Amino acid sequence: MKIAVSTDERTPLVDALLAELEERSHDVEYFGPDAGEEADWPEVTRKAAELVASGKVDEGIVMCWTGTGASIAANKVKGVRAALCRDAETAKGARTWNHANVLALSIQATSESLLKKILDVWFSTPFSDDEWNLQQIERIHRLDAGRD
């Protein structure tokens, strides 16, 4: 799977994420600084989210200190459904019910062991295809399109 990853700060968690994605054989497009540098989170997040929305990558993982800013910025890109996940159960729900295509993480509050649990659930949970849920996703598509 091809995944866009963005962060505004290069931390040990970012390095652990990149290593974990490589170990899982994902092809990564990285947007962010090298160690000891910083980037503006709206800009790096936008780059990753636009690749998801265009279909050039399958999914995205966006990060900032709390994860909130990256989540907000990603969700400004039409076609992106970013979910800030601080635990595996939230990641499961985001995939199942929200068909989230971008995972937002806090580089401050996510441990490496929690990261692995979230990724396990994120990559193994399929989108729900029951009729009610598909209606909800269609409503999200209409919001994206500016329709009621």
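Source: prediction; values computed, not measured.
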Which residue pairs satisfy the ring pair (Phe, Tyr, Trp, His ring centres under 6.0 Å) criterion with at least one member in residues 1-23, sequence neighbours excluded?
none
Residues forming a side chain to side chain contact (heavy atoms under 4.5 Å, CB included) with E112, sequence neighbours excluded
L13, A16
Contacts of A100 that satisfy side chain to side chain contact (heavy atoms under 4.5 Å, CB included) - sequence neighbours left out
A83, A94, W122
Using the rule that two of Ile, Leu, Val, Met, Phe, Trp, Tyr join whenever any of their side-chain heavy atoms come within less than 4.5 Å, decide whether L21 and L115 are in one cluster.
yes
From NE2 (H26) to CG (L17), nearest 0.5 Å:
10.0 Å
Charged N to carboxylate O under 4.0 angstrom, R24 versus D120?
yes
Report whether L105 and M1 are members of the same hydrophobic cluster (ILVMFWY, side-chain heavy atoms less than 4.5 Å apart, transitive linking).
yes
Remaining members of the apolar cluster that contains L84, side-chain heavy atoms under 4.5 Å
none
State plainly whether one hydrophobic cluster holds both I140 and L134, where clusters connect Ile, Leu, Val, Met, Phe, Trp and Tyr through side-chain heavy atoms under 4.5 angstrom apart.
no
So for atom CD, which belongs to E131, do other residues, nucleotides or ligands contribute more than 12 heavy atoms lying within a distance under 6.0 Å?
no
Would you indicate whether E22, at its atom CD, is surrounded by more than 12 heavy atoms from other residues, nucleotides or ligands within a distance under 6.0 Å?
no
Where at least one partner belongs to residues 74-88, residue pairs that pass salt bridge (Lys or Arg N to Asp or Glu O under 4.0 Å), sequence neighbours excluded:
none
Under the ring pair (Phe, Tyr, Trp, His ring centres under 6.0 Å) rule, what pairs show up with a residue in residues 69-117, not counting sequence neighbours?
H99-F127
Looking at side-chain heavy atoms only, is the closest gap between V62 and L103 below 4.5 Å?
no
Using side-chain heavy atoms (C-beta onward) and a distance below 4.5 Å, is K92 in contact with T96?
yes
Which atoms form the tightest heavy-atom contact between W41 and A73, and what is the distance?
CZ3-CB, 4.1 Å
Is there any salt bridge (Lys or Arg N to Asp or Glu O under 4.0 Å) pair reaching into residues 46-73, and which pairs are they, with sequence neighbours excluded?
E43-R46, R46-E50, E59-R95
For residues 7-16, which residue pairs qualify under salt bridge (Lys or Arg N to Asp or Glu O under 4.0 Å), counting only residues two or more places apart or in two chains?
R10-D15
Any side-chain heavy atom of Y30 within less than 4.5 Å of one from I3?
no
Mind jotting down which residue pairs meet the ring pair (Phe, Tyr, Trp, His ring centres under 6.0 Å) criterion with at least one end in residues 45-64? Sequence neighbours excluded, please.
none
Is the shortest side-chain heavy-atom distance between V102 and I61 below 4.5 Å?
no
Are V14 and M63 packed together at the side-chain level, in the sense that at least one heavy-atom pair is separated by less than 4.5 angstrom?
yes
Just by distance, do the side chain of D130 and the backbone of W132 share a donor-acceptor pair under 3.5 Å?
yes
Is the backbone N or O of I107 less than 3.5 Å from a side-chain atom of T110, with the two atoms forming a donor-acceptor pair by type?
no
With clusters defined by side-chain heavy atoms of hydrophobic residues (ILVMFWY) lying less than 4.5 Å apart, directly or transitively, does V77 cluster with V52?
yes
If you look at every heavy atom in T45 and A74, which pair is closest and at what distance?
CG2-N, 3.5 Å
Determine, using the 4.5 Å side-chain heavy-atom cutoff (strictly less than), whether L119 and V5 are members of one ILVMFWY cluster.
yes
Nearest heavy-atom pair of V80 and A53: which atoms, and what distance?
CG2-CB, 4.2 Å
I'd like to check the side chain to side chain contact (heavy atoms under 4.5 Å, CB included) partners of S111; sequence neighbours left out, ordered by chain and number.
S113, L114
Any pair with a residue in residues 60-73 that passes side-chain hydrogen bond (donor to acceptor under 3.5 Å, both in side chains), sequence neighbours left out, goes on the list, sorted by first then second residue, please.
T66-T68
List in chain and number order the residues that pass side chain to side chain contact (heavy atoms under 4.5 Å, CB included) with V44, two or more places apart in sequence or in another chain; answer none if no residue qualifies.
S6, F31, A39
